[in-house]
Amino acid sequence: MSNPSWISANDLARLEPLLPPRPEVGVSVEQVITLDPVDGAGFGDPVTRRLVEIAAVEATREYYGSRGYEVGSVEHENCGWDLTCTAPDGEVDRVEVKGTAGAKPTVLVTRNEYRLAREDAGWVMAVVTRAATRPTVSIYQPSEVLTWAEAYVHRININR
């Protein structure tokens, strides 16, 4: 069975004891964050990562919107960026959004995002630090991303 997009109530009842506790409704995001508040990026739990991601995208939407850009989401299209932002003069930024819970702008990029930084002059990366509490949006050009990137993980396909 692959990762299902839905499950039955009976299946959920069997799986629920294996899942982490659900966050309480109405609890502020600051109480849910489990990532290091100083160092920023990390590999926190899935709920926290999703909350930070949502907050980072919203902060970036507001950043571009306040500058007169028309902002459209392509988050679910797996194209290497999250927002297409069109300036009043017609210039387009294809914005990959990265968020951290802390103040340190350390993020991971995918192979596809790295490729776009090399090949697409309109691609930019927005890094939102303290995304869920006091968001600060910083925009980085492809040349900066490529200069600072360092190999972190390598995939090895072992054929047996």
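To the nearest 0.5 Å, atom CD of residue Glu70 and atom OG1 of residue Thr84 are 10.0 Å apart. Summarising the geometry, atom CZ belonging to Arg134 is positioned 7.5 Å from atom OG1 belonging to Thr136; distances are rounded to the nearest 0.5 Å.
Linking ILVMFWY side-chain heavy atoms closer than 4.5 Å, directly or via other members, places Leu116 and Val124 in two distinct hydrophobic clusters. Under the 4.5 Å side-chain contact rule for hydrophobic residues, Val71 and Val57 share a cluster. One hydrophobic cluster, built from ILVMFWY side chains closer than 4.5 Å, cannot hold both Trp123 and Tyr64; they sit in different ones. Taking hydrophobic clusters as Ile, Leu, Val, Met, Phe, Trp and Tyr residues chained together by side-chain heavy-atom distances below 4.5 Å, Tyr69 shares a cluster with Ile139. Put simply, Ile54 and Val52 are part of two different groups of oily side chains (I, L, V, M, F, W, Y) that touch within less than 4.5 Å, one to the next.
In this structure, Leu83 and Arg61 have side chains that are in contact, with non-hydrogen atoms separated by less than 4.5 Å. Side-chain atoms of Met125 and Val107, non-hydrogen and from C-beta on, do get closer than 4.5 Å to each other. Between Val128 and Thr100, every side-chain heavy-atom pair lies at or beyond the 4.5 Å cut-off.
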Open item on the list: Test side-chain contact (heavy atoms from CB on, under 4.5 Å) on Trp81 and Val97; report intermediate values, then the result.
Closed with: CA-CA 7 Å; Trp81 68 90; Val97 179; over 6 Å; no

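The residues Glu113 and Arg118 are annotated as not salt-bridged, no charged nitrogen and carboxylate oxygen being separated by less than 4.0 angstrom. Ionic pairing of Arg115 and Glu119 is present here: one or more N-O contacts between side-chain nitrogen and carboxylate oxygen are shorter than 4.0 angstrom.
A pairwise comparison of heavy atoms in Val95 and Ala126 identifies CG1-CB, 3.7 Å as the closest pair.
Checking side-chain atoms of Lys98 against main-chain N and O of Leu108 turns up a donor-acceptor pair under 3.5 Å. Side-chain N or O atoms of Asp120 include one that pairs as donor or acceptor with a backbone N or O of Gly122 at under 3.5 Å.
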Expected list for residues 72-80: side-chain donor-acceptor pairs under 3.5 angstrom, two or more places apart:
unit_1 : atom_1 : unit_2 : atom_2 : d
Ser73  : OG     : Glu75  : N      : 3.3
Ser73  : OG     : Glu75  : OE2    : 2.9

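In this structure, Arg67 is positioned above the aromatic face of Tyr63, its NZ or CZ under 6.0 Å from the six-membered ring centre and within 45° of the axis.
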